[in-house]
**Student:** 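Please find one structure pasted underneath; my questions will follow.
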There are 2 protein chains.
Amino acid sequence: MANKKIGCPVEVTLSLVGDKWKVFILKELLERTKRFGELHRAISGISQKTLTQQLRQMEKDGLVKRKVYAEVPPRVEYSLTKIGRSLKSILDAMHKWGGNYAALKCKEQQDE
Amino acid sequence: MANKKIGCPVEVTLSLVGDKWKVFILKELLERTKRFGELHRAISGISQKTLTQQLRQMEKDGLVKRKVYAEVPPRVEYSLTKIGRSLKSILDAMHKWGGNYAALKCKEQQDE
DNA sequence: TAATATAGTTACCAAAAAGTAAGTATTGCG
DNA sequence: CGCAATACTTACTTTTTGGTAACTATATTA
C-alpha cells in the first residue's frame, strides 16, 4: 500500500494524536503531571494494557515524559514535553470546530 | 464503555476526520468536485469498498454531497458541502503542526 | 446481439486494535 | 511471614477495519 508510509504532514499529526485514547491522555496531562493510576482512573474505559501502550508510544514520539521514582510501591509520573503541550492548539481547533458542528446538527434536527 | 458515546467536541471532530482515508478524500475534494473513479485512482491503495463506505459516512455526516447523473455508464460526482470545506482550517492546522514536528525530529536525528 | 464502461454491492478472509484476566516484582508494615 | 500497594506484562479472545475478487445493472456502441 503506497499510503502506508506517512508522508503528508497531516498524516504525521494524525498518527500522533488521531485517536480518542491519545486525546484523552493529552487532555489529562494538559491539566497537570499525573501518575499512571491517576490516568487510569481518570480515563474511564481504558484498560491498563492500552494505557501503557499509548503512553509508551507517546513517549517514543517525544510528546510525553515518563519519570520513575525508585520507591515501593512504584511511582511513575507522566507529563507533557514542550512538543506535547504544543498540541493544545490543535486540540483547541478541533474542539472549536466540533462544538460548532454539534450546534449546527442540533439546530438542523429541530428544523425537521 | 463510558467513552463510546462521543461527548467531547474534540471527539466529534476526530470521529469525522480522524483517519487517513477521510483526510485523503477531503484533500482531493478540496481541490475540486470529483467522480468516484477519479477519487479511486487518486487515492492509491484504497479499495472500492472502503472508498464507498467512507464517502457514504461523510455524506451522512453532512461533509460531502453526492450527485448521481441518470446516465449510462453511471456518473456520480462528489463534492464538499460548506461544512466539509470548513474542515480546511483543521487540516491546515494539522499540516502546519506536522511539518514543524517532522522538522524538529529531523534536526534531532542529525544531532545524535 | 454481445461487449463496454462505471459505480457500486456482496461474501469471504486477514490483520490490527483493544479488552479480560491472571501473573510479576518489590518493600514496608502488622 | 504474609499481605497490601502500584505499575506494569503476558496470553488469550473479541471487535473492528480493510482487502480481494466476483457479481450486478444498464444504455450505448460496434
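Heavy atoms only: backbone and side chains are in, while hydrogens, waters and symmetry mates are out.
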**Student:** Using whole Å, what does the distance between atom C1' of nucleotide C/dT9 and atom CZ of B/Phe36 come to?
**Tutor:**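 Nearest whole value for this atom pair: 11 Å.
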**Student:** Tell me if a side-chain donor or acceptor on B/Arg75 pairs with a main-chain N or O of B/Tyr69 at a distance below 3.5 Å.
**Tutor:**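 No; judged by distance alone, with no hydrogens or angles, the pair does not exist.
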**Student:** Closest to the A/Lys49 side chain: D/dC12, C/dA5, D/dC8?
**Tutor:**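 Looking only at heavy atoms from C-beta outward on A/Lys49, the closest nucleotide is D/dC12.
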**Student:** If you look only at distance, which donor and acceptor atoms sit under 3.5 Å apart when one is on a side chain in residues 97-104 of chain B and the other is two or more places apart or in another chain?
**Tutor:**
{"residue": "B/Trp97", "atom": "NE1", "partner": "A/Ser86", "partner atom": "OG", "Å": "2.9"}
{"residue": "B/Tyr101", "atom": "OH", "partner": "A/Asp61", "partner atom": "O", "Å": "2.7"}

**Student:** Under a 4.0 Å N-O cut-off, is there an ion pair linking B/Glu38 with B/Arg35?
**Tutor:**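 Salt bridge: no.
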**Student:** To the nearest angstrom, how far is B/Glu71 atom CD from D/dT29 atom C1'?
**Tutor:**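 Checked: the CD to C1' distance equals 16 Å.
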**Student:** Counting only side-chain nitrogens and oxygens, does A/Arg35 get under 4.0 Å of the OP1 or OP2 atom of D/dA7?
**Tutor:**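 Yes.
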**Student:** Side-chain N or O of B/Arg41 versus OP1/OP2 of C/dA7: is the shortest distance under 4.0 Å?
**Tutor:**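 Checking B/Arg41 against C/dA7: no side-chain N or O falls below 4.0 Å of OP1 or OP2.
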**Student:** The side chain of B/Thr52 is closest to which nucleotide in this list: C/dA7, C/dG8, D/dT9?
**Tutor:**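 Of all the options, the side chain of B/Thr52 is nearest to C/dG8.
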**Student:** Please work out if B/Thr50 contacts a base, only the sugar-phosphate, or nothing of the nucleic acid, heavy-atom cut-off 4.0 Å.
**Tutor:**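 Sugar-phosphate contact only - B/Thr50 comes under 4.0 Å of backbone atoms but never of a base.
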**Student:** Atom CZ of A/Arg75 and atom P of C/dT27: how far apart are they, to the nearest Å?
**Tutor:**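 One finds 17 Å between P of C/dT27 and CZ of A/Arg75, rounded.
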**Student:** For the pair made of CG in B/Leu55 and C1' in C/dG8, what is the distance, rounded to whole Å?
**Tutor:**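 From B/Leu55 CG to C/dG8 C1': 11 Å.
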**Student:** Give a yes or no on whether B/Val68 and B/Phe36 share a hydrophobic cluster (residues Ile, Leu, Val, Met, Phe, Trp, Tyr; joining criterion: side-chain heavy atoms under 4.5 Å apart).
**Tutor:**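 Per the 4.5 Å side-chain linkage, B/Val68 and B/Phe36 are co-clustered.
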**Student:** Nearest to the side chain of B/Gln48, heavy atoms from C-beta on, is which of C/dA7, C/dA5, D/dC8?
**Tutor:**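 Of C/dA7, C/dA5, D/dC8, C/dA7 is nearest to the side chain of B/Gln48.
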**Student:** What is the distance, rounded to the nearest whole Å, between atom NZ of A/Lys34 and atom C1' of D/dT6?
**Tutor:**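 These atoms are roughly 18 Å apart.
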**Student:** Below 4.0 angstrom from OP1 or OP2 of C/dT26, is there any side-chain N or O of A/Tyr69?
**Tutor:**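 No, outside the criterion.
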**Student:** Using a 4.0 Å heavy-atom cut-off across all strands, classify A/Gln54 as base, sugar-phosphate, or nothing.
**Tutor:**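 Contact class for A/Gln54: sugar-phosphate only.
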**Student:** To the nearest Å, how far apart are A/His40 NE2 and C/dA18 C1'?
**Tutor:**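 The answer, rounded to whole Å, is 13 Å.
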**Student:** Using heavy-atom distances to pick each residue's nearest nucleotide on DNA chain C, tell me which of A/Ser47 and A/Pro74 is more 5'.
**Tutor:**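 Nearest-nucleotide comparison on DNA chain C picks A/Ser47.
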**Student:** Rounded off to whole Å, could you give me the CD-to-P distance for the A/Glu77 and D/dT6 pair?
**Tutor:**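 Rounding to the nearest Å, CD of A/Glu77 and P of D/dT6 are 14 Å apart.
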**Student:** Walk me through it: do A/Asp92 and A/Lys88 pass the test salt bridge (Lys or Arg N to Asp or Glu O under 4.0 Å)?
**Tutor:** CA-CA 6 Å; A/Asp92 285 346; A/Lys88 187 173 188 308; 3.0 Å; yes
**Student:** Could you tell me how far apart A/Ile43 (CD1) and C/dA18 (C1') are, to the nearest whole angstrom?
**Tutor:**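 That distance rounds to 15 Å.
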**Student:** Looking at A/Arg56, does any N or O in its side chain come under 4.0 Å of the phosphate oxygens OP1/OP2 on D/dT9?
**Tutor:**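 Looking at the OP1 and OP2 atoms of D/dT9, one of them is under 4.0 Å from a side-chain N or O of A/Arg56.
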